Amino acid sequence: MDDQTRIELEAAAFRRLQKHLMEDRTDAQNIDMMNLAGFCRNCLSRWYQEAANERGIEMSKDEGREAFYGMPFAEWKEKYQTDASPAAKEAFKDSHG
C-alpha cells in the first residue's frame, strides 16, 4: 500500500470514529471513556489541535474542540454531558490522579 492510500484510509477511519462519537454514541460520556480506554473526545480534539500546531496552523484548544465536536464545546456539554456518577469520579481519580 502506498503512503497516500494509507493516509486516506487513516483519515477515513478517524472521520468514522468522530461521526460515531458525535452522532451515534452521544450517550458515551467522556469520563467513562477515560476510565475504560484512557482517552476521550477531549483527547481526540487535543490531538487534532496539536497536529495542526505542529504543521504551523495556529489552533487554540477551543478551536480544536469545536473542529472535533462540530459545535462549541459549551453547546456539546449542554446537550449531551450528564453528571458523572460518584463511582466514575472515583475511578477517574484512582487512574488519572
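All values derive from a computational prediction rather than experimental measurement.
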Are [X] and [Y] packed together at the side-chain level, in the sense that at least one heavy-atom pair is separated by less than 4.5 angstrom?
X   : Y   : value
F39 : L44 : yes
R46 : K61 : no
F92 : D32 : no
C43 : M34 : yes
W76 : R65 : no
C40 : I31 : no

So, for [X] and [Y], which heavy atoms are closest and what is the spacing to 0.1 Å?
X   : Y   : answer
N53 : M59 : ND2-N, 3.0 Å
S45 : G64 : CB-O, 3.6 Å
N35 : S95 : OD1-OG, 4.0 Å

_Please check this pair: side chain of Q29 against backbone of A84, looking for a donor-acceptor N/O pair closer than 3.5 Å._
no

Using 0.5 Å steps for rounding, measure from the [atom1] atom of [X] to the [atom2] atom of [Y].
X   : Y   : atom1 : atom2 : answer
K93 : E90 : NZ    : CD    : 4.5 Å
E66 : Q49 : CD    : CD    : 13.0 Å
E63 : I57 : CD    : CD1   : 11.5 Å

With a 3.5 Å cut-off and sequence neighbours excluded, list the donor-acceptor pairs that the side chains of residues 2-24 form with protein atoms.
residue	atom	partner	partner atom	Å
D2	OD1	Q4	N	3.1
D2	OD1	T5	N	2.8
D2	OD1	T5	OG1	3.1
D2	OD2	T5	OG1	3.0
Q4	NE2	E8	OE2	3.0
R6	NH1	E10	OE1	3.1
R6	NH1	E10	OE2	3.0
Q18	NE2	A67	O	3.4
Q18	NE2	F68	O	2.6
K19	NZ	E23	OE1	3.2

*Does OH belonging to Y48 count more than 12 external heavy atoms closer than 6.0 Å?*
no

